[in-house]
Amino acid sequence: MECRLDAGLEELCPVCGDKVSGYHYGLLTCESCKGFFKRTVQNNKKYICAEKQDCRIDQIQRKRCPFCRFQKCLHVGMRLEAVRADRMRGGRNKFGPMYKRDRALKQQRKALIQAGGFRAESCPHLVSSTHQRELSFPGGLHLVPILHSNDCISYQPPSLSSFLPSNSLVATQYQCIPFSNWTIKSEHTKNCMSSHGSAAGTSSDKMYSRPFSPHGPRMPQLVMEFLHCEPDELQLQDKIAVRLLQEQTGWEEQGNPSTLSLMCLMADQTLFSIVEWARTSIFFKKLKVSDQMKLLHSCWSDLLLLDGISRQVLYGREGRLLLVTGQEMELSEIALHAGPILASLVQRGQELVEKLHILKVDRQEFACIKFLILFNPEVKHLEEHQFVESVQEQVEGALLEYTLCTSSHLLGRFSHLLLCLSELRSLSTLVEDYLHCKHLSGEVPCNNLLMEMLHAKCSLA
DNA sequence: GTAGCCTTGAAG
DNA sequence: CTTCAAGGCTAC
């Protein structure tokens with residue numbers, strides 16, 4: 001049937017550029033990369049790169065370096081957990097609804113492109129800037145529709161509501177962003193924030209337990225536990241979109257808010273998600289509420305900053321700021337409109353992003369760093385100080401073990417990460433100071449979690 | 001080991 | 001019933 005050959009199949013495989021044969025393990029890929037991914041994960045293959053672990057993977061050379069090919073599979077977002085541990089054939093898995101949404105979006109976009117007079121050409125790797133349309137952003141800035149490797153154009157009407165992602169936009173972003181989860185689903189992770197979406201609990205879910213690490217380095221158990229506590233980016237975007245939409249009612253009465261106010265609202269919503277993450281995370285949920293409060297009050301700005309920075313490192317593009325909603329802003333535009341203090345903060349943030357980018361810090365390491373930040377034994381008056389200290393030690397141990405497995409530079413990588421962490425902490429202090437000033441001058445919204453945290457920290461100091 | 005084609009089976 | 005993304009098979 002004709003509709004079987006939907007827009008998606010005209011695309012090229014994000015791993016090697018070959019012809020796409022359908023959705024495989026989370027996204028549209030070719031038949032060979034599907035098979036390669038399956039063989040690698042099912043047989044627990046270990047590969048070694050003979051070069052510098054940055055081999056080019058294309059249709060011709062894809063067989064030359066399986067290590068880099070598998071890395072690329074993970075990087076573009078192929079899902080380990082879609083490979084079934086029990087090898088059961090047929091049926092559907094939890095990704096079904098995601099595939100459906102993505103397909104609908106592509107169809108919709110194709111129609112838009114045709115209606116807009118654009119050539120509906122497939123452009124999976126090189127996206128011409130003429131295909132971009134800027135959306136007006138209150139306060140004079142502009143949002144650029146997200147354009148990722150697997151994606152051509154995302155349209156939204158240029159209104160305030162356009163600030164928020166539509167479901168389809170979210171779905172696009174989801175497909176473009178690699179959120180490959182490592183496997184292992186232990187009992188306790190049921191209590192952690194689900195990373196398995198609304199379809200969790202399908203009959204295939206039981207298959208996701210697989211006691212092995214599927215490539216190169218051995219994954220320390222604790223690192224896997226941390227990964228399982230990570231919120232699902234798709235759900236996060238949806239949640240924040242809904243909350244911002246609710247805020248919109250108030251905006252209409254008061255006129256358009258400033259860019260700074262919008263960013264604060266977004267930060268506020270992100271903060272909610274960070275608290276939710278902590279509340280449901282391994283170790284943290286065992287703490288007394290009073291200690292939980294103390295820890296969060298002490299490190300909220302570090303976590304908020306790390307959230308933004310990790311987003312840039314993992315999924316951002318040069319010269320752009322990727323927002324939690326999945327949209328992007330031009331950094332040059334920000335620099336143009338921001339005052340000197342904000343501009344220097346953004347600059348320092350970018351430098352940190354650059355450092356982490358060069359280090360190729362991955363999701364696993366970011367997940368560990370979050371716990372390192374959260375479990376800070378230096379926080380005063382903790383009732384369970386020893387527990388916090390022991391968790392800190394365990395996290396350090398797990399991160400060290402992981403970096404030793406993934407890097408040949410022995411302790412170098414680990415100490416680099418710790419250096420970045422200290423830079424992050426000093427930067428977040430400056431961000432707090434900046435927010436405090438803006439709060440005092442009445443330029444940012446009051447009565448929200450962000451301000452509550454700010455005040456709590458001021459009273460701690 | 002790779003990759004194209006085949007079989008399966010839950011979801012719709 | 002059909003769909004289609006899983007795993008399987010097998011020539012290369």
Side-chain angles (χ1 to χ4, degrees), chain A residues 1-51 55-74 76-107 110 150 167 171-172 174-176 178-185 196-212 214-216 234:
Chain A
M1 256 185 51
E2 188 59 33
C3 46
R4 170 73 180 80
L5 299 163
D6 59 12
L9 298 184
E10 293 162 21
E11 289 187 27
L12 304 183
C13 173
V15 180
C16 70
D18 200 353
K19 201 182 86 186
V20 155
S21 68
Y23 286 92
H24 305 297
Y25 310 110
L27 43 79
L28 289 166
T29 73
C30 69
E31 196 63 26
S32 71
C33 287
K34 165 198 155 189
F36 170 76
F37 190 79
K38 181 185 71 177
R39 286 193 302 276
T40 302
V41 179
Q42 279 183 338
N43 303 323
N44 194 16
K45 296 273 185 201
K46 304 277 194 294
Y47 306 119
I48 294 169
C49 176
E51 301 289 325
C55 303
R56 183 187 163 80
I57 304 298
D58 58 27
Q59 203 178 334
I60 310 292
Q61 304 191 68
R62 65 190 177 199
K63 280 195 266 189
R64 283 179 55 175
C65 181
F67 179 91
C68 291
R69 189 181 189 183
F70 190 61
Q71 290 296 313
K72 193 163 178 191
C73 286
L74 292 174
V76 301
M78 291 183 80
R79 300 296 196 114
L80 293 163
E81 67 268 39
V83 180
R84 296 169 183 171
D86 63 358
R87 301 198 166 198
M88 198 187 80
R89 302 170 77 182
R92 287 278 187 274
N93 65 12
K94 65 184 175 127
F95 294 112
M98 184 180 94
Y99 297 147
K100 199 176 165 186
R101 277 208 282 180
D102 191 64
R103 203 174 268 123
L105 165 77
K106 285 184 160 68
Q107 205 71 46
K110 195 176 169 187
N150 215 3
N167 280 335
T172 313
Y174 187 77
Q175 206 221 313
C176 299
F179 281 98
S180 49
N181 288 320
W182 289 71
T183 47
I184 305 245
K185 190 167 184 176
H196 294 308
S198 54
T202 57
S203 57
S204 342
D205 253 21
K206 63 180 185 293
M207 304 178 222
Y208 299 144
S209 299
R210 211 167 339 102
F212 65 90
H215 78 142
L234 178 66

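Treat the numbers as computed from the prediction; the structure is a model and nothing was measured. Computed over heavy atoms, backbone and side chain alike; hydrogens, waters and symmetry mates excluded. In what follows, chains are A, B, ... by sequence order, proteins preceding strands, each numbered from 1.
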Exercise. What is the distance, rounded to the nearest whole Å, between atom CD1 of A/Ile60 and atom C1' of B/dA3?
Worked result: 14 Å
For this session: Whole angstrom is fine here: how far is it from CZ in A/Arg64 over to C1' in B/dG1?
Result: 16 Å
Exercise. Between C/dT3 atom C1' and A/Arg103 atom CZ, what is the distance in whole Å?
Worked result: 9 Å
For this session: Mind checking side chain to side chain contact (heavy atoms under 4.5 Å, CB included) for A/Arg39 and listing every partner two or more places apart, or none if nothing turns up?
Result: A/Phe36, A/Asn43
Problem set entry | Criterion side-chain contact (heavy atoms from CB on, under 4.5 Å) on A/Arg69 and A/Thr40, from CA distance to verdict | CA-CA 10 Å; A/Arg69 189 181 189 183; A/Thr40 302; over 6 Å; no
Seminar exercise, completed: Taken to the nearest whole Å, CZ/A/Phe36 to P/B/dG1 is 11 Å
Exercise. Hey, is CD on A/Glu51 packed in by over 12 heavy atoms from elsewhere, all under 6.0 Å?
Worked result: no
Seminar exercise, completed: Reading nucleotides 6-12 of chain C from 5' to 3' and marking B where a protein heavy atom lies under 4.0 Å of the base, S where only the sugar-phosphate is that close, and - otherwise, the string is BBB----
Problem set entry | Check: C/dT3 base within 3.5 Å donor-acceptor of A/Arg92 side chain | yes
Exercise. Hey, which of these two, A/Cys33 or A/Lys100, hits DNA chain B nearer its 5' end, going by closest nucleotide?
Worked result: A/Cys33
Exercise. Would a 4.5 Å heavy-atom cut-off, applied to side chains only, mark A/Cys55 and A/Lys72 as touching?
Worked result: no
Exercise. Given A/Leu74 and A/Phe37, is the side-chain contact (heavy atoms from CB on, under 4.5 Å) satisfied, shown in steps?
Worked result: CA-CA 9 Å; A/Leu74 292 174; A/Phe37 190 79; 4.2 Å; yes
Exercise. Taking CE from A/Met98 and P from C/dC4, how many angstroms apart are they, rounded to a whole number?
Worked result: 15 Å
Problem set entry | Sugar-phosphate only, base, or nothing, as touched by A/Arg62 at under 4.0 Å among non-hydrogen atoms | sugar-phosphate
Exercise. Hey, which of A/Lys19, A/Gln59, A/Lys63, A/Arg62 is the one that makes side chain to side chain donor-acceptor pair (under 3.5 Å) with A/Ser32?
Worked result: A/Arg62
Problem set entry | Separation of atom CG in A/Leu27 from atom P in C/dC4, rounded to whole Å | 17 Å
